[in-house]
Q: 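Pasting a structure here, questions to come.
So that the names make sense, note that chain A is the first sequence line, chain B the second, and so on, each numbered from 1. Since the structure is predicted, the reported quantities are computational estimates derived from the model, not experimental observations.
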Amino acid sequence: MSEPRSIVLYDTQSQTKLPFEPIEPGKVKMYICGVTVYDLTHIGHARVYVFFDTVKRFFERAGYEVCYVRNHTDVDDKILARAEETGVDPLELSAKFIDEMDRDMDALGLDRPDIEPKVSDHIEEIIEMVQTLIDKGFAYESGGDVYYRVESFDGYGKLSRRKLEDMEAGRSGRVTETDLKEHPFDFALWKGDTSEDSLGWDSPFGRGRPGWHIECSAMSMRYLGDGLDIHGGGRDLIFPHHENEIAQSEAATGHAPFAKYWMHVGMVNVAEVVDGEAVERKMSKSLGNFWTTRDVLGQYHPEAVRYFMHTTVYRNPITYSMDNLEEATCRVEYLYFTLDRIDRALKRAGYDLENPPPERAVQGPLKDLIEPFEDRLDAALADDFNTPNALALISELARASNECATCKGGPDEATCYAMSRLRAHLLTAGALLGFLRRDPTIALRELRDLRLKQKDLTAEEIDEMIVEREQARAEKDWVRADQLRDRLDELDVEIMDSPEGTTWRIRGARARQC
RNA sequence: GGCGGCGUAGCCAAGUGGUAAGGCAGGGGCCUGCAAAGCCCUGAUCACCGGUUCGAAUCCGGUCGCCGCCUCCA
């Protein structure tokens with residue numbers, strides 16, 4: 001970005017868009033809640049991390065130095081339960097799923113966060129913080145556990161704007177009452193566990209392990225200090241997780257706000273039939289309606305998955321469906337075909353793609369598209385990361401690119417120069433959103449191979465028929481050529497004849513189009 | 001019961017005070033041996049009712065429908 005632009009982002013707590021003003025000039029301190037690593041990640045997790053990857057990249061483009069921390073919760077009851085079931089050591093189990101998550105997030109092309117702390121490496125900080133809370137009267141020991149006293153914190157409920165009374169008056173039977181707690185909404189900072197063979201650490205309050213929320217407070221402050229710029233995660237973390245983090249952190253440090261901006265990503269929904277009725281519900285482990293990132297990447301190209309994620313603004317729910325993923329796949333394919341066309345046209349004209357000519361003003365009808373493009377792209381993303389608007393801009397670019405690359409008689413010098421600028425813009429936008437990052441030939445092959453796999457076809461058998469048809473065409477045997485094309489068509493293979501030869505592709509699973 | 005959100009063309013989806021981005025599908029055209037790809041043209045007054053305003057999809061009130069959170073959850 002040529003000059004500092006004001007980035008506006010929606011803050012959950014104030015329920016409004018605010019101009020981003022860093023605590024330390026030029027720096028962004030960002031903590032994003034990671035996952036509890038007892039299983040493969042699902043596509044809902046992926047949405048959150050794809051989004052914040054783009055947030056991070058955009059801040060960097062805007063000239064900020066970003067410190068991105070994302071934790072792994074590797075000590076948790078669910079991990080213990082899963083470890084018990086499978087007879088594995090809990091920390092080995094979580095280590096395995098951290099690796100699996102890395103594999104999936106790498107495949108999606110995410111940059112690794114700068115710091116990825118684990119609970120098991122920060123027990124000391126956690127114990128220290130719990131002790132501080134006890135000392136200050138915000139927490140109490142009870143039956144070997146330590147609980148946070150929600151009524152001691154004035155601001156309790158300020159993020160999720162709910163009152164303790166309202167929640168108590170709410171759905172009966174939902175809140176678990178325990179003799180150990182002073183108030184039903186008090187939550188565990190430390191869970192006592194005296195059995196020697198379970199995962200635990202010695203502490204001033206006895207042997208045990210941390211409760212759920214404390215780790216994020218302890219680890220975020222360990223790496224980013226008492227005040228962070230951005231704290232984020234999925235919408236479902238607003239209550240109780242983030243609410244509790246605020247209560248703990250601000251109580252412990254006496255410093256407010258704990259986080260200046262709270263950003264929450266909408267849920268991934270999935271359409272299902274429940275009791276004979278079509279409904280759309282949040283994807284979740286407990287409902288059992290989730291798709292793992294691994295499964296999805298087996299079916300769809302990672303860049304198509306990212307494209308799909310960007311079709312809806314991050315705060316709204318998005319529907320995971322075959323149709324939506326297919327459409328995203330088609331768009332990514334279209335963009336790569338476009339890039340491929342530009343590259344070929346430019347190479348034919350003697351352009352060196354690695355060393356584009358020095359920038360100069362564009363003349364003619366494309367001027368108004370090319371010159372202000374990056375400014376418009378930045379404006380879209382600076383407005384609370386409006387990725388659908390960014391995609392709309394990319395569509396305009398691609399259309400113009402195709403027009404240039406396929407113009408009759410071949411592009412002239414001015415058109416070639418315009419194309420090289422369009423190409424650069426496409427790549428810039430793609431780099432921010434996470435696609436168009438491969439060589440078009442490679443990407444198109446990857447896309448093709450996934451479809452071949454879907455249709456249970458091999459490239460060889462198709463190529464054979466293509467060669468046969470080319471021969472028929474060379475002999476102007478149109479009847480035979482068309483017969484072969486019809487046969488291929490039945491296999492959902494589409495043929496594209498061009499002066500450079502015949503290429504083909506597989507139609508997507510979505511109907512007979514695309 | 002409390003808190004939050006959503007309802008925009010056949011479908012997906014931006015836009016939150018000045019006469020509705022983009023994509024998919026459909027229709028018409030250019031190109032093509034014919035196709036496909038690509039390009040061009042083509043569609044909505046914004047759930048409903050009432051109000052504020054010179055002017056509202058956009059603000060206020062109400063109605064209906066859907067979803068999320070209040071329990072582990074990204």
Q: For R161(A), answer base if it contacts any base atom (sugar-phosphate contacts may also be present), sugar-phosphate if it contacts only those atoms, and nothing otherwise; contact means non-hydrogen atoms under 4.0 Å.
A: sugar-phosphate
Q: Kindly say whether, by distance alone, the side chain of R485(A) makes a donor-acceptor pair under 3.5 Å with the base of rA35(B)?
A: yes
Q: Does R306(A) reach the main-chain N or O of G109(A) with its side chain, forming a donor-acceptor pair under 3.5 Å?
A: yes
Q: Does the structure show a Watson-Crick or G-U wobble partner for rU53(B), both distances under 3.5 Å? Name it, or say none.
A: none
Q: Please measure how far the P atom in rA47(B) lies from the corresponding atom in rC12(B), and state the result in whole Å.
A: 14 Å
Q: Tell whether H42(A) reaches the base of rA74(B) with its side chain through a donor-acceptor pair below 3.5 angstrom.
A: yes
Q: Between the base of rC34(B) and the side chain of D497(A), is there a donor and acceptor pair under 3.5 angstrom?
A: yes
Q: Using purine N1 to pyrimidine N3 plus N6-O4 or O6-N4 for Watson-Crick, or N1-O2 and O6-N3 for G-U wobble, each under 3.5 Å, what pairs with rU32(B)?
A: none
Q: Given that both distances must come in under 3.5 Å, which nucleotide forms a Watson-Crick or G-U wobble pair with rG1(B)?
A: rC70(B)
Q: Across the strands shown, which category fits Y334(A) at heavy-atom distances under 4.0 angstrom: base, sugar-phosphate, nothing?
A: sugar-phosphate
Q: Quick one: look up who rC24(B) pairs with, Watson-Crick or G-U, both distances under 3.5 Å, and put none if it's unpaired.
A: rG10(B)
Q: For L237(A), which contact category applies under a 4.0 Å heavy-atom criterion: base, sugar-phosphate, or nothing?
A: sugar-phosphate
Q: Within the structure shown, what part of the strands sits under 4.0 Å from G157(A) by heavy-atom distance: base, sugar-phosphate, or nothing?
A: nothing
Q: Indicate whether any N or O donor in one side chain lies under 3.5 Å from an N or O acceptor in the other, for Y31(A) and N71(A).
A: yes
Q: Does D482(A) reach a base, just sugar-phosphate, or nothing at all? Heavy atoms under 4.0 Å.
A: base
Q: Using a heavy-atom cut-off of 4.0 Å across all strands, would you classify R70(A) as base, sugar-phosphate, or nothing?
A: nothing
Q: Taking side-chain contact (heavy atoms from CB on, under 4.5 Å) as the test, write out the residues that go with D463(A), two or more places apart.
A: A459(A), W504(A)
Q: Can a side-chain donor-acceptor contact be found between T293(A) and T41(A) if the only test is distance below 3.5 angstrom?
A: yes
Q: Using a cut-off of 4.0 Å on non-hydrogen atoms, how would the nucleic acid contact of K285(A) be classed: base, sugar-phosphate, or nothing?
A: nothing
Q: Using a cut-off of 4.0 Å on non-hydrogen atoms, how would the nucleic acid contact of T406(A) be classed: base, sugar-phosphate, or nothing?
A: sugar-phosphate
Q: Does H242(A) have its ring centroid less than 6.0 Å away from the ring centroid of H213(A)?
A: no
Q: With both distances under 3.5 Å as the test, what is the Watson-Crick or G-U wobble partner of rU63(B)?
A: rA47(B)
Q: Assign V265(A) to base, sugar-phosphate, or nothing according to its heavy-atom contacts below 4.0 angstrom with the strands shown.
A: nothing
Q: Which part of the nucleic acid does S286(A) contact within heavy-atom distance under 4.0 Å: base, sugar-phosphate only, or nothing?
A: base
Q: Given rC3(B), rA14(B), rG33(B), identify the nucleotide with an atom nearest to the side chain of R162(A).
A: rC3(B)
Q: Within the structure shown, what part of the strands sits under 4.0 Å from K476(A) by heavy-atom distance: base, sugar-phosphate, or nothing?
A: nothing
Q: At under 4.0 Å between heavy atoms, what does G44(A) touch on the DNA or RNA strands: base, sugar-phosphate, or nothing?
A: base
Q: Once rounded to the nearest 0.5 Å, what's the spacing between atom CG of L393(A) and atom CZ of F373(A)?
A: 5.5 Å
Q: Is N386(A) touching bases, backbone alone, or none of the nucleic acid, heavy atoms closer than 4.0 Å?
A: sugar-phosphate
Q: Could you tell me the separation between the OG atom of S120(A) and the CG atom of L199(A), rounded to the nearest 0.5 Å?
A: 8.0 Å
Q: Counting only N and O atoms by type, is there a donor-acceptor contact under 3.5 Å from the side chain of H310(A) to the main-chain atoms of L433(A)?
A: yes
Q: Using a cutoff of under 3.5 Å, can you pull out all pairs of nitrogen or oxygen atoms linking the protein to nucleotides 19-22 of chain B, with atom names and distances?
A:
unit_1	atom_1	unit_2	atom_2	d
rA21(B)	N3	N389(A)	ND2	3.3
rG22(B)	O2'	S395(A)	OG	3.2

Q: Pairing donors with acceptors under 3.5 angstrom, does anything connect the side chains of N244(A) and Y156(A)?
A: yes
Q: Under 4.0 angstrom, heavy atoms only, what part of the nucleic acid is V268(A) near: base, sugar-phosphate, or nothing?
A: base
Q: Dump the pairs, protein N or O against N or O of nucleotides 56-61 of chain B, anything under 3.5 Å, distances to one decimal.
A:
none

Q: Under 3.5 Å, is there a donor-acceptor pair linking the side chains of S321(A) and N324(A)?
A: yes
Q: If you compare all heavy atoms of R331(A) against all heavy atoms of S395(A), which two are closest, and at what distance to 0.1 Å?
A: NH2-OG, 3.1 Å
